[in-house]
Amino acid sequence: MKQSIKEILSEKPVGQEVVICGWVRTFRNNQFVAVSDGSCIQTMQVVVNHETMDPALLKRITTGAAVMATGVLEESQGKGQAVEVRANTIEVVGDADPDKYPLQPKRHGMEFLREIAHLRMRTNTFGAVMRVRHNLAYAIHKFFHDRGFYYIHSPIITGSDAEGAGEMFRVTTLPLDNVPKTPEGSVDVKKDFFEKMTNLTVSGQLEAELAALALSRVYTFGPTFRAENSNTTRHLAEFWMIEPEVAFFDLKDNMDLAEDMLRYVIGYALEHCEDDIQFLQDRQLQEEKSKPMAERSPMDLTTKLKFVIDNAFERLTYGEAIEILRNSKPNKKKKFQYLIEGWGADLQSEHERYLVEQHFQKPVILTNYPKEIKSFYMRVDDGDKTVSAMDILFPAIGEIVGGSQREERLDVLTKRMEEMHIPMEEMQWYLDTRKFGTCPHAGFGLGFERLVLFVTGMSNIRDVIPFPRTPGNAEF
RNA sequence: GCCUCCUUAGCUCAGUUGGUUAGAGCGCCGGACUGUUAAUCCGUAGGUCCCUGGUUCGAGCCCAGGAGGGGGCGCCA
């Protein structure tokens, strides 16, 4: 296998011939070709002899062109790099017309790059984001694998429309211009591919619960789809979610697991993506120069990530949070758009941000929410007012994890489903787990892109996934 | 779904109270230089001022509608 630039830079086989394959970033002084192959943030400087090389060939070495260069690795005479390749041969494998190639050796706006998402991974920023994203995904698998969890592949197409997590995308092969109807006039789903109504999954949780009640410790990690018309920097219509589910876990076990996992994967990224994170930190600093002081990040990226690893998350109940908010300055001075009057109020982003960014200044885990504002599958606490739910709130991002201990008691669960109008006939398979060998269990969902957003310091979730899907946009 | 802001050269952005031929930096192209680091220096080219309509002697600028994009809120991960 040919060596990547990352491999060559780590081994530094000075004096040996190497082959560099990649794309031209800059061509300076008719001598120095900075080549990137995306294996790392660094480029390899390929030095060509402009006096002996064919001028027509040199003309074709332009930003974006694919090149293959062979030559001896030498210690660099210049200051910007330790080693460089003195080219014996350089071949332009694929030209990039400089008049038309949209990426220039200069700073571009994120909005512009989003329009050319098919090329934006060739930039330093998106290369770094993609490498960090990969390392976070790998760290998540490693974290669970090392702790005896099994990776469950929950279905993407689901026959259930009661996952309870939001609007769903319909999956059908029926002709839209001539939909078969029943005698009553509704869509005849019996004629559809699966002979029933199907959707893209909004969550693998229910299937993960089935698996947990067989394999004890499981997790899913796959794409999920929400047809919500959400227009924010934190929402995607297609995103990846990690959903661990563990038998015989209670709420505290669940919180411990989530906190350990977040610490582990952030630590993994810090250890394995040092250069990329450093680059992203500088990028963020640059970006924030144009913002007023109050809107800038209080810590630089590395400091922020280390802070999360070194400090325990603040854990408190919903009721305690309400008390803090009720007595807070913005509440008393009526600065909140939604004032907190007392128990039962749904927390808005402004309240979550106050708790995380002002009051505690660290990640916060909120637990035991009123059952009225939470899902049917969450375990009802003693007193019948709250459920064993937990949300982990991160600065700037808000809710990064949502989880709960699940309701394992059949009678309580069916009562809740009735109250919340969940169609029970379709959910018999789910209720079977409560009929046969039910046990306490718990789990949570982690929005992968929100994690990547946090670790990379990017400001829009559309810039941490290669090809974002949002309302009105499914390009590429 | 609601609120708000933006759209001027390939990119990033100026553009005065509505007034002559619409500007800058970078990029591109041409040249010089040849151990550069987003190289530097000199020069050239490059515009449907998002679209449609209106007001006006006159619109990049004002008004209305539309399109595309950003941000905030809601929903949530």
Side-chain angles (χ1 to χ4, degrees), chain A residues 25-34 42-51 58-59 62-64 74-81 84 86 96-116 123-124 163-167 202-205 223-243 258 286 290-291 295 336-338 346-353 373-375 391-394 397-403 444-454 459-463 465 470-473 475:
Chain A
R25 282 294 176 73
T26 61
F27 185 22
R28 285 184 293 267
N29 227 0
N30 223 14
Q31 286 186 91
F32 307 102
V33 192
Q42 286 86 4
T43 54
M44 178 62 80
Q45 175 154 289
V46 174
V47 186
V48 298
N49 188 332
H50 63 280
E51 284 168 347
L58 294 180
K59 274 246 172 259
T62 60
T63 300
E74 295 180 347
E75 289 190 20
S76 179
Q77 298 168 37
K79 290 213 176 71
Q81 56 285 316
E84 65 192 17
R86 184 157 299 275
D97 183 349
D99 218 32
K100 300 197 176 102
Y101 187 63
L103 292 171
Q104 302 164 4
K106 65 180 296 252
R107 190 166 287 276
H108 294 96
M110 287 297 149
E111 291 80 19
F112 170 70
L113 291 172
R114 227 169 271 153
E115 287 170 18
I116 51 162
T123 63
N124 281 332
E163 288 167 351
E167 289 297 310
V202 293
S203 162
Q205 181 201 312
T224 48
F225 308 87
R226 307 232 172 134
E228 305 284 350
N229 190 12
S230 298
N231 295 292
T232 79
T233 54
R234 311 179 296 283
H235 289 86
L236 291 166
E238 177 182 296
F239 65 101
W240 289 65
M241 191 152 62
I242 296 101
E243 294 178 286
Q286 202 67 34
S290 59
K291 287 186 180 174
E295 288 172 33
F336 283 142
Q337 198 185 338
Y338 298 90
D346 211 347
L347 299 184
Q348 311 291 320
S349 317
E350 57 179 344
H351 306 130
E352 294 179 353
R353 291 188 76 123
I373 58 174
K374 287 290 179 181
S375 303
D391 285 356
I392 302 186
L393 311 176
F394 265 32
I397 292 179
E399 189 177 346
I400 193 166
V401 163
F444 61 85
L446 168 73
F448 185 54
E449 282 76 17
R450 289 191 181 173
L451 175 67
V452 182
L453 199 55
F454 184 75
S459 43
N460 193 314
I461 202 162
R462 293 161 211 170
D463 300 327
I465 188 168
T470 51
N473 193 346
E475 288 303 306

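- For B:G68 and B:C50, the C1' atoms lie 8 Å apart once the distance is rounded to whole Å.
- Residues that satisfy the salt bridge (Lys or Arg N to Asp or Glu O under 4.0 Å) test with A:E243, not counting sequence neighbours, are absent from this structure.
- Remark: A:T233 is in phosphate contact with B:G72, judged by side-chain N or O atoms under 4.0 Å from OP1 or OP2.
- Between A:R28 and B:U36 there is no side-chain N or O to OP1 or OP2 distance below 4.0 Å.
- Between A:P471 and A:N231 the shortest side-chain heavy-atom distance falls below 4.5 Å.
- Residues that satisfy the salt bridge (Lys or Arg N to Asp or Glu O under 4.0 Å) test with A:R462, not counting sequence neighbours, are absent from this structure.
- Partners of A:K79 under the salt bridge (Lys or Arg N to Asp or Glu O under 4.0 Å) rule, at least two apart in sequence or in another chain, do not exist in this structure.
- Stacking of A:F32 onto the six-membered ring of B:A39 is not present when judged by under 5.5 angstrom between centres and under 30° between planes.
- With hydrogens and angles disregarded, no donor-acceptor distance shorter than 3.5 Å links the side chain of A:R114 to the backbone of A:D463.
- Between the side chain of A:Q337 and the base of B:G74 there is no donor-acceptor pair of N/O atoms closer than 3.5 Å.
- Remark: A:E350 CD is packed, more than 12 non-hydrogen atoms of other residues, nucleotides or ligands lying under 6.0 Å away.
- In this structure, the side chains of A:F27 and A:L58 come closer than 4.5 Å at one or more pairs of heavy atoms.
- For the P atoms, the distance from B:G74 to B:A38 is 42 Å, rounded to whole Å.
- Under the 3.5 Å distance criterion, with hydrogens and angles disregarded, a donor-acceptor pair is assigned to the side chains of A:R28 and A:T26.
- Whole-Å rounding puts the A:N231 CG to B:G1 C1' distance at 9 Å.
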Please produce a list of atom pairs where a protein N or O lies less than 3.5 Å from an N or O of nucleotides 27-32 of chain B.
from, atom 1, to, atom 2, distance (Å)
B:C28, O2', A:D99, OD1, 2.8

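- Nucleotides B:C57 and B:G18 are separated by 12 Å at their C1' atoms, to the nearest Å.
- The phosphate of B:G71 (OP1 or OP2) has a side-chain N or O of A:N460 nearer than 4.0 angstrom.
- Within the 4.0 angstrom heavy-atom criterion, base atoms lie near A:Q45.
- We find that CZ of A:R462 is positioned 8 Å from C1' of B:G70, with the value rounded to whole Å.
- The base of B:G35 lies outside donor-acceptor range of the side chain of A:N29, with no N or O pair under 3.5 Å.
- Here the nucleotide nearest the side chain of A:F112, chosen from B:C11, B:C76, B:U34, is B:C11.
- No donor-acceptor contact under 3.5 Å links the side chain of A:S349 to the base of B:C73.
- In this structure, the side chains of A:T63 and A:Y101 come closer than 4.5 Å at one or more pairs of heavy atoms.
- Of the C1' atoms belonging to B:U12 and B:U55, the separation is 34 Å, rounded to the nearest Å.
- At B:U37, none of the side-chain N or O atoms of A:T26 fall inside 4.0 Å of OP1 or OP2 (strictly under the cut-off).
- Comparing B:G53 with B:A14, their P atoms sit 28 Å apart, to the nearest whole Å.
- Distance A:R450 CZ to B:C75 P: 12 Å, rounded to the nearest Å.
- Put simply, CD on A:Q348 is 10 Å from P on B:C73, counting in whole angstrom units.
- Contact annotation for A:L236: base contact, defined as any heavy-atom pair under 4.0 Å involving a base atom.
- Side-chain contact check for A:D391 versus A:K374: some heavy-atom pair is nearer than 4.5 Å.
- Annotation: B:C51 and B:U8 have their C1' atoms spaced 15 Å apart (nearest Å).
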For nucleotides 40-51 of chain B, give me every protein contact, N/O to N/O, under 3.5 Å, one pair per line with atom names.
none

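- Atom-to-atom, CZ of A:R353 to C1' of B:C73 comes out at 12 Å; the value is rounded to the nearest Å.
- Contact between the side-chain N/O atoms of A:N30 and the OP1/OP2 oxygens of B:U34 is not found at any separation under 4.0 Å.
- With a 3.5 Å limit on both pairing distances and Watson-Crick or G-U wobble geometry required, the stems of 3 or more pairs in RNA chain B span B:1-7 with B:67-73, B:10-13 with B:23-26, B:29-32 with B:40-43, B:50-54 with B:62-66.
- Contact annotation: A:R114 side-chain N/O to B:G70 OP1/OP2 distance is under 4.0 Å.
- A heavy-atom distance below 4.5 Å is found between the side chains of A:K106 and A:H108.
- Comparing A:E350 and A:L446 against RNA chain B, the residue whose closest nucleotide sits nearer the 5' end is A:E350.
- With hydrogens and angles ignored, the 3.5 Å screen pairs a side-chain donor or acceptor of A:D97 with a backbone N or O of A:D99.
- One finds a side-chain N or O of A:R234 lying less than 4.0 angstrom from the OP1 or OP2 phosphate oxygen of B:C73.
- One atom, CD of A:E243, and another, P of B:A77, lie 9 Å apart when rounded to the nearest Å.
- No hydrogens or angles were tested; on distance alone, a donor-acceptor pair under 3.5 Å links the side chain of A:Q81 to the base of B:U36.
- If you take CZ of A:R226 and C1' of B:G1, they are 18 Å apart, rounded to a whole angstrom.
- Contacts of A:K100 with the nucleic acid, taken as non-hydrogen atoms under 4.0 Å apart, are absent.
- Rounded to whole Å, the separation between the C1' atoms of B:U37 and B:G30 comes to 24 Å.
- Within 4.0 Å (heavy atoms only), A:E111 reaches sugar-phosphate atoms of the nucleic acid but no base atom.
- A 4.5 Å side-chain heavy-atom check between A:I116 and A:L103 finds at least one atom pair inside the cut-off.
- Here A:E399 lies in heavy-atom contact (under 4.0 Å) with sugar-phosphate atoms only.
- At a threshold of 4.0 angstrom between heavy atoms, the contacts of A:Q205 with the nucleic acid are absent.
- A:R450 places a side-chain heavy atom less than 4.5 Å from the side chain of A:E399.
- Under the 4.5 Å side-chain criterion, counting only non-hydrogen atoms from C-beta, A:T470 is not in contact with A:H235.
- The aromatic ring of A:H108 does not sit over the base of B:C11, since the test of centres under 5.5 Å and planes under 30° is not met.
- As a whole-Å value, the separation of A:Q31 CD from B:C33 P is 13 Å.
- When all heavy atoms of A:Y338 and A:Q348 are compared, the closest pair comes out as CD1-CG, 3.6 Å.
- On the C1' atoms, B:C13 is 12 Å away from B:U7, given to the nearest whole Å.
- Residue-level contact check: A:G445 touches the backbone only, with heavy atoms under 4.0 Å from sugar-phosphate atoms and none from bases.
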